[in-house]
Each structure stands twice: as C-alpha cells, then as structure tokens.
Trainee: 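Below is the structure I would like to discuss, written out as structure tokens.
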Amino acid sequence: MTTTGKENIRWCFILYNIHTMDKILKLLVCVTLLSFTQLSLGKSKQKPFFFVQLTDMQMGFISANQNCDDEIALYTKTVRFINKIKPDFVVITGDFVNNRSDTFQINVYKRITSSINKNIPVYMIPGNHDMGQKPTEKNIEFYFRHYENDKFNFIHKNIQFIGINSCYINSENENEDIQFHWLKKNLESNPQNLRRIVFTHHPFFIRDIDEKDNYSNIPLQKRKLYMDLFVDNNVKAIFSGHYHNNAESSYKSVDMITTSAVGKQLGQAKSGFRIVKVYSDSLSHEYIEISNLPKKIKL
C-alpha cells in the first residue's frame, strides 16, 4: 500500500472517530437536557395546600337574638384553631349574623373575624341573613355600609377561586344579570384547562340536580343555567352553606358540597367547618367538629 493510501486510511479513522464522538456528545447533551427538564418539572409540580371554609356563624341565632354568647365561644375557638394550622386562606360563605340590621351582632362578628392572623387572607360572601333572601336596594346599601365585598375572584397556585352573591340569584332585579355576566367573564377569561372552585351561600341543590325548589336550594330554572356554565368552564367543586347541615352531591363533573354551620345546627351535624385539601390533580375535604379538633392537618 502506498504512503498516500495509508494516510487516507488514517484520516478515515480520524474522521470516523470525530463523527462518532460528535454523536456521543449530542447524545450526552440530549440526556443532560432531559434530566434538567425532568428536574424542572419535578420542581414545578404543585405542592399540596389547604384552605378553610367557614359558614353560618349567624351571631344571635342560638339565643333568638337575645345575645351572641354561644356563637362567640364557637367562633373564637375556631379562629384560634385557624391561627394554629395556618391555612393558605379562609373563605366565609355567608350568614355572618342572624339579624342583618343588628349592629351589635355585626360588630361581634367583625371583631372575631379580625383576629384571624393577618397573614391569612379572608374572603367573604353574604348570606340571606346578611343581605336578604331577595335583597332590596335598602338591604344592599346597608350591607355595603358594613362589609367591603359581596363576591371575589382570584388565582392561587394555579387554581381559580370565585365567590358569588347567591342572594342575587332569582332576586328579579338587575344585580343578578350584572353578577352573572361578571361570573361568566371571569370563568372564560382564563385558560380553559385551569381548575376552578366556586363558593356560594345557597347550595344549587342538596341531593339531586332535579330536586324540587325549596328554601335550601336555588330554583331549578336558574340552577341548571349556572350548573351548565360551571360544567363548561372546568369548575371542579362548589362549596356552600345555608343548610345548617352537611350534604354532598354532584352534577356531571362538578361536585356540590354543602357545609354545616359554625353556629346553630338544624340537622345531625355538630358545629364545625370544612378543611379543603388541594393536590396537583385532585382535591379532598373533611368536615371538622369544633368539639373534636385535630392536633394538626396532614396533607
């Protein structure tokens, strides 16, 4: 073989090795990138958290408006527990007081609520005892003289939380239409795959979507309008109060959870509140009795 032939063979080996090393380097780069991607995804995976739903303190109900002693004891113990467990936030779903025009009851409720740790956000929506079953302009004006908001909308850790004033539903005035368009806009203004949780004072239904209209639910004609809106916009659960007892049901993909009262009971439940745990792909909830508080909340 000539010298030139030998040189050609040597260069072929060099080029082959360079090409092979190039493949190896590319493979290493890909493996490294995939590793960083998996690490990044692992870090970005949502950590579980929990929040507290309170409802129906209804100051003065137990004593028929003679005093608020029993409700003060129950609500104060609840707030102390909340400050101990440190939820991400608290939602209060209405009926703060029994007599909506009684400023003593209002001030007692507000005083105890204000003792919730300032680092724990509190969101409130009214009940019929705060604004009326079918609110008049006078009722509405009085409510906003004492409370700042009657609805809310925020995103926390990739979950959208919306609270509405259910006293407006079926109120036969323009406030319902205004709120419905506000609700629809806020549900549709974020990515469709965003999980959503809704809060309302009145349950849309207790046991079945087709149950008859009664004091404890939203009238059937309006019920399906709202529930279909929730189904279409990835609402996973609705949490309500008003019933003074616990109940659970569902409509298509939406869970309907009714929580009993911090104050007076009208069913088999004992005074309590609900802990809601939110995970990356699911949520769970538990009713906690004030007379049997756990030492801590496990996620």
Trainee: Between Glu211 (side chain) and Ile206 (backbone), is there a donor-acceptor pair under 3.5 Å?
Mentor: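 Looks like yes, one N/O pair under 3.5 Å.
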
Trainee: Spell out, as yes or no, whether a donor-acceptor pair under 3.5 Å connects the side chain of Arg223 to the backbone of Ile209.
Mentor: yes

Trainee: I need the Leu266 CG to His242 NE2 distance, nearest 0.5 Å.
Mentor: 10.0 Å

Trainee: Please check if any side-chain donor atom of Ser189 sits under 3.5 Å from a side-chain acceptor atom of Asn186, or the reverse.
Mentor: no

Trainee: Got a donor-acceptor contact below 3.5 angstrom from the Gln58 side chain to the Ala261 backbone?
Mentor: no

Trainee: Which residue is it: Asp56, Thr55, Thr259, Thr200? I am looking for the one with a side-chain hydrogen bond (donor to acceptor under 3.5 Å, both in side chains) to Thr93.
Mentor: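 It is Thr55; the other options fail the test.
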
Trainee: Keeping the roles fixed (side chain from Gln265, backbone from Gly263), state whether a donor-acceptor pair exists under 3.5 Å.
Mentor: yes

Trainee: If hydrophobic clusters are built from ILVMFWY residues whose side chains come within less than 4.5 Å, do Met57 and Val52 share one?
Mentor: yes

Trainee: If you look at every heavy atom in Arg207 and Asn246, which pair is closest and at what distance?
Mentor: NH2-O, 4.2 Å

Trainee: Whether the side chain of Ser171 engages the backbone of Tyr168 through a donor-acceptor N/O pair (distance < 3.5 Å, no angle test) should be reported.
Mentor: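 The answer is yes, because a donor-acceptor pair under 3.5 Å joins these two groups.
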
Trainee: Between the main-chain N or O of Val90 and the side-chain N or O of Gln53, is there a donor-acceptor pair closer than 3.5 Å?
Mentor: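 Side chain of Gln53 to backbone of Val90: no pair is present.
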
Trainee: Quick one: are Val276 and Arg274 in side-chain contact, heavy atoms under 4.5 Å?
Mentor: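 Yes; the side chains approach each other to less than 4.5 Å.
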
Trainee: Should the pair Lys264-Glu71 be classified as a salt bridge under the 4.0 Å nitrogen-to-oxygen rule?
Mentor: no

Trainee: Is there a path of hydrophobic side-chain contacts, each under 4.5 Å between heavy atoms of I, L, V, M, F, W or Y residues, that connects Val122 with Ile112?
Mentor: yes

Trainee: Is atom NZ of Lys118 surrounded by more than 12 heavy atoms (other residues, nucleotides or ligands) closer than 6.0 Å?
Mentor: yes

Trainee: Taking Ser260 for the side chain and His244 for the main chain, is one N or O donor matched with an acceptor at less than 3.5 Å?
Mentor: yes

Trainee: Take Phe89 and Phe161 through the ring pair (Phe, Tyr, Trp, His ring centres under 6.0 Å) test and state the conclusion after the steps.
Mentor: CA-CA 11 Å; Phe89 56 87; Phe161 297 90; 4.9 Å; yes

Trainee: Does anything in residues 161-174 pair up under salt bridge (charged side-chain N to carboxylate O under 4.0 Å, His left out), and if so which pairs, sequence neighbours excluded?
Mentor: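 Sorted pair list: Lys134-Glu172.
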
Trainee: So Lys212 and Asn214, side-chain hydrogen bond (donor to acceptor under 3.5 Å, both in side chains) or not? Walk me through it.
Mentor: CA-CA 6 Å; Lys212 293 181 180 180; Asn214 60 60; over 6 Å; no

Trainee: Could I get the full list of ring pair (Phe, Tyr, Trp, His ring centres under 6.0 Å) partners for Phe180, not counting sequence neighbours?
Mentor: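 For Phe180, the residues satisfying ring pair (Phe, Tyr, Trp, His ring centres under 6.0 Å) (neighbours in sequence not counted) are Tyr226.
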
Trainee: Side chains of Asp228 and Tyr251: donor-acceptor distance under 3.5 Å anywhere?
Mentor: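 Side chains of Asp228 and Tyr251: pair found under 3.5 Å.
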
Trainee: Which is it for Gln268 and Asn245 under the side-chain hydrogen bond (donor to acceptor under 3.5 Å, both in side chains) test, yes or no, and what are the steps along the way?
Mentor: CA-CA 7 Å; Gln268 299 301 311; Asn245 203 0; over 6 Å; no

Trainee: Got more than 12 heavy atoms from elsewhere within 6.0 Å of CZ, Phe154?
Mentor: yes

Trainee: Using a distance-only test with no angle check, is there a side-chain donor-acceptor pair under 3.5 angstrom linking Asn128 and Tyr215?
Mentor: yes

Trainee: What I want to check is whether the side chains of Glu176 and Asn170 have a donor and an acceptor closer together than 3.5 Å.
Mentor: no

Trainee: Do Phe61 and Cys68 have side-chain heavy atoms sitting under 4.5 Å apart?
Mentor: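 Side-chain contact under 4.5 Å: no.
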
Trainee: Can you tell me how the ring of Tyr109 sits relative to the ring of Phe96, calling it parallel under 30°, perpendicular over 60° and tilted otherwise?
Mentor: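 Geometry flag for Phe96 against Tyr109: parallel rings.
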
Trainee: Flag yes if more than 12 heavy atoms outside Lys222 fall under 6.0 Å of its NZ atom; otherwise flag no.
Mentor: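 More than 12 within 6.0 Å, yes.
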
Trainee: Can you list every pair that meets salt bridge (charged side-chain N to carboxylate O under 4.0 Å, His left out) and has a residue in residues 145-162, with sequence neighbours left out?
Mentor: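 Of all non-adjacent pairs touching residues 145-162, those that pass salt bridge (charged side-chain N to carboxylate O under 4.0 Å, His left out) are Asp88-Lys157, Glu141-Arg145.
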
Trainee: Please lay out, stage by stage, how Asn217 and His202 fare under the test side-chain contact (heavy atoms from CB on, under 4.5 Å).
Mentor: CA-CA 6 Å; Asn217 61 25; His202 299 80; over 6 Å; no

Trainee: Out of curiosity, Tyr123 OH to Ile162 CD1, how far, rounded to the nearest 0.5 Å?
Mentor: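 The CD1 atom of Ile162 is 13.0 Å from OH of Tyr123, to the nearest 0.5 Å.
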
Trainee: Under 4.5 Å between side-chain heavy atoms, counting indirect links through other Ile/Leu/Val/Met/Phe/Trp/Tyr residues: same cluster for Val278 and Phe239 or not?
Mentor: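 Yes.
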
Trainee: Start with the C-alpha distance between Phe50 and Leu283, add both sets of side-chain angles, then the distance that settles side-chain contact (heavy atoms from CB on, under 4.5 Å), and finish with yes or no.
Mentor: CA-CA 9 Å; Phe50 71 93; Leu283 63 85; over 6 Å; no

Trainee: Quick check: does any side chain N or O of Tyr143 sit under 3.5 Å from a backbone N or O of Asp130, one acting as donor and the other as acceptor?
Mentor: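 Pair absent, no side-chain N/O of Tyr143 close to backbone of Asp130.
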
Trainee: Quick one: pull up CZ in Phe51 and CD1 in Ile120 and give me the separation to the nearest 0.5 Å.
Mentor: 14.0 Å

Trainee: For Ser253 and Val231, what are the C-alpha separation, side-chain angles and deciding distance, and is it a side-chain contact (heavy atoms from CB on, under 4.5 Å)?
Mentor: CA-CA 6 Å; Ser253 57; Val231 169; 4.1 Å; yes

Trainee: Answer with yes or no whether the hydrophobic clustering places Ile275 together with Leu293; edges join I, L, V, M, F, W, Y residues whose side-chain heavy atoms lie under 4.5 Å apart.
Mentor: yes

Trainee: Do Phe199 and Val235 belong together in a cluster built from hydrophobic side chains that touch within less than 4.5 Å?
Mentor: no

Trainee: Working note: Met124 + Asn149, criterion side-chain contact (heavy atoms from CB on, under 4.5 Å); need CA distance, chi angles, decisive distance, verdict.
Mentor: CA-CA 7 Å; Met124 300 186 296; Asn149 302 299; over 6 Å; no

Trainee: Using 0.5 Å steps for rounding, measure from the CZ atom of Phe230 to the CG atom of Leu225.
Mentor: 9.0 Å

Trainee: Would you please say whether a donor-acceptor pair under 3.5 Å links the side chains of Gln105 and Asn99?
Mentor: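 Per modelled atom types, Gln105 and Asn99 side chains form no pair under 3.5 Å.
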
Trainee: Under 3.5 Å, is there a donor-acceptor pair between the side chain of Ser250 and the main chain of Val254?
Mentor: no

Trainee: Would you say the side-chain atoms of Lys277 pair up with the backbone N or O of Lys298, donor to acceptor, closer than 3.5 Å?
Mentor: yes

Trainee: May I have the step-by-step check of side-chain hydrogen bond (donor to acceptor under 3.5 Å, both in side chains) for His129 and Arg100, ending in yes or no?
Mentor: CA-CA 6 Å; His129 280 267; Arg100 61 179 171 271; over 6 Å; no

